[in-house]
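Residues take their numbers from the sequence shown, with the count starting at 1. In each ligand, atom 1 is the first atom listed, and ligand 1 is the first ligand listed.
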Amino acid sequence: MATFEELLERWDGEQAVIRRDRESGGWIFICMHSTKLGPAAGGTRMKVYATPADGLEDAMRLSAGMTSKLAVADLGLGGGKAVLAVPQIPQGEDRRALLRRYGDVVASLGGNFITSSDVNTGEEDMDVIAERTDYVFGRTEASGGAGDPGPFTAVGVFHGILATVAHAFGSRDLAGRTVLVQGVGSVGGALAELLSGQGAAVIVADVDADRAQALATAIGGSTVEAEAALETECDVYAPCALGGTLSAATVSRLRCRIVAGSANNQLAHPEVAELLRDANILYAPDYVINAGGAIAINFLELNGRSRADVDVALANIGNTLSEIYERAEEEGITTAAAADAVAGSRLSEARPRAHSPHAD
Ligand code: NAD
């Protein structure tokens with residue numbers, strides 16, 4: 001198991017802030033992977049880890065993913081991520097007290113790190129953090145925030161699926177196409193409704209069987225057992241639950257032409273992108289197709305842009321994916337490599353920015 005020193009030594013990010021939170025028995029990790037394109041932005045994940053180093057490693061890995069995601073989304077933001085590694089998920093006043101202490105750490109970074117919600121944190125938690133710092137987004141609508149990012153993410157994934165279907169089948173028409181949505185929570189539920197509204201046959205799978213059945217009934221779709229999702233025949237497999245579902249072991253079980261969903265870190269290893277290509281499965285790179293929530297929060301809370309502007313930007317996720325597919329074909333590389341190349345060129349073209357986010 002790696003130590004903090006080993007993790008810091010091999011990480012390619014700019015700055016990691018580590019605070020032992022004695023009051024909760026936990027740790028606060030804020031990783032600013034890159035500020036080349038702007039302040040490091042990323043969600044705050046609250047989670048129980050086997051060791052504190054596992055929490056730091058998670059924050060490092062996720063912050064690198066945010067750098068790529070925000071570079072491709074072209075939002076003038078760098079990549080970061082925070083992890084609150086706790087012995088158990090706190091509730092009530094203990095939770096609020098932890099979030100306020102964390103808010104003080106975010107405030108101390110003077111705007112070089114800005115955050116929003118992630119696994120196990122939500123809009124109400126962002127309101128608490130906002131008691132201590134202005135650099136928090138995704139607050140409740142009552143507090144002037146944009147609310148739950150899930151439905152915005154779903155709209156972005158929907159446009160991404162249309163563009164991916166168009167590339168694979170020559171038409172973006174969803175009538176007669178079958179889409180399997182794995183995980184029908186905040187993103188997957190809204191996505192399933194949008195797809196069904198455009199005439200797709202939607203199959204839903206969720207470990208919460210009642211939730212899956214209720215949604216299928218509401219949209220006139222069908223269900224499969226959560227364990228059967230990967231082997232189910234469909235045109236589009238949309239992973240909207242957990243990351244890491246695509247591995248050497250699972251790609252051979254897929255019976256779809258497209259993988260396009262919201263889950264973060266869908267590829268268990270980078271090489272899985274090549275296995276997908278070899279199996280003639282068109283993969284929509286996860287961090288490109290799932291950027292809708294980040295885009296919407298940034299537009300509405302940080303830049304004062306309108307809902308109409310958000311709609312245009314979410315639709316543009318489809319155009320970005322089309323360009324990535326064309327580039328992948330022209331250069332003979334995987335779609336994941338083509339997305340990384342877009343992110344890499346944005347980062348290498350970036351001009352050095354002034355240290356303070358207020359400078360411009
Ligand atoms: P959520 O917690 O609201 O929903 C997840 C759903 O998946 C739940 O209904 C849960 O029961 C189900 N699920 C869990 N394990 C499953 C399994 N093994 N098989 C089938 N279903 C399973 O989460 P969400 O906000 O909808 O996010 C879904 C995914 O998208 C996550 O990977 C998240 O990191 C990613 N993502 C979300 C957003 C956002 O704006 N919410 C943005 C970017 C990426």
Could an N or O of ligand 1 be found under 3.5 Å from any N or O of [X], whether backbone or side chain?
| X | value |
| --- | --- |
| Thr153 | yes |
| Gln182 | no |
| Asp148 | no |
| Ser262 | yes |

Sub-4.0 Å atoms of ligand 1 with respect to non-hydrogen atoms of [X]:
| X | result |
| --- | --- |
| Arg211 | 8 (C), 9 (O) |
| Pro149 | 40 (O) |
| Val207 | 11 (O), 13 (N), 14 (C), 15 (N), 16 (C), 17 (C), 18 (N), 19 (N), 20 (C), 21 (N), 22 (C) |
| Cys240 | 28 (C), 29 (C) |

What protein heavy atom sits nearest [atom], and how far away is it?
| atom | answer |
| --- | --- |
| atom 26 (O) of ligand 1 | Val187 N, 2.8 Å |
| atom 3 (O) of ligand 1 | Ser186 N, 2.9 Å |
| atom 43 (C) of ligand 1 | Asn290 O, 3.6 Å |
| atom 11 (O) of ligand 1 | Asp206 OD1, 2.6 Å |
| atom 4 (O) of ligand 1 | Gly185 CA, 3.3 Å |

key: Hydrophobic cluster membership, Val288 vs Leu282, 4.5 Å side-chain cutoff   = yes
ask   = Leu109, Phe137: one ILVMFWY side-chain cluster at the under-4.5 Å cut-off?
value = yes
key: Hydrophobic cluster partners of Val272 (side-chain heavy atoms under 4.5 Å)   = Leu180, Ile203, Val224, Leu230, Tyr237, Leu246, Val251, Leu254, Val259, Leu267, Leu275, Leu276, Ile281, Tyr283
task = Answer yes or no: is there a donor N or O on one side and an acceptor on the other, between the side chain of Arg305 and the main chain of Asp309, under 3.5 Å?
result =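 Between the backbone of Asp309 and the side chain of Arg305 there is no qualifying donor-acceptor contact (under 3.5 Å).
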query = Is there side-chain contact between Asp118 and Asn120, with heavy atoms separated by less than 4.5 Å?
reply = no
query = Val184 pairs by side chain to side chain contact (heavy atoms under 4.5 Å, CB included) with which of Ile219, Val204, Leu191, Asp208?
reply =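 Per the side chain to side chain contact (heavy atoms under 4.5 Å, CB included) rule, the option paired with Val184 is Val204, out of Ile219, Val204, Leu191, Asp208.
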inquiry  = Please enumerate all residues that pass salt bridge (Lys or Arg N to Asp or Glu O under 4.0 Å) together with Asp125, with sequence neighbours excluded.
reply    =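 Expected list: Arg95.
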request  = Look up atom 23 (O) of ligand 1 and tell me if a protein heavy atom lies less than 4.0 Å from it?
outcome  =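 Within 4.0 Å: no protein heavy atom nearby.
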Nearest candidate to atom 33 (C) of ligand 1, where distance is taken over non-hydrogen atoms, out of Asn120, Asn264, Ile289, Thr245 = Asn264
inquiry  = Going by the closest heavy atom to atom 31 (C) of ligand 1, which one wins out of Ala190, Ala241, Gly150?
reply    =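 The option holding the nearest heavy atom is Ala241.
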key: Pair Ser348, Ser345: side-chain N/O donor-acceptor within cut-off below 3.5 Å   = no
inquiry  = Using the ring centroid of each side chain, check whether Phe152 and Phe299 are separated by less than 6.0 Å.
reply    = no
inquiry  = Tell me whether the rings of Tyr325 and His167 are parallel (<30°), tilted (30 to 60°) or perpendicular (>60°).
reply    =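 Tyr325 vs His167 ring planes: tilted.
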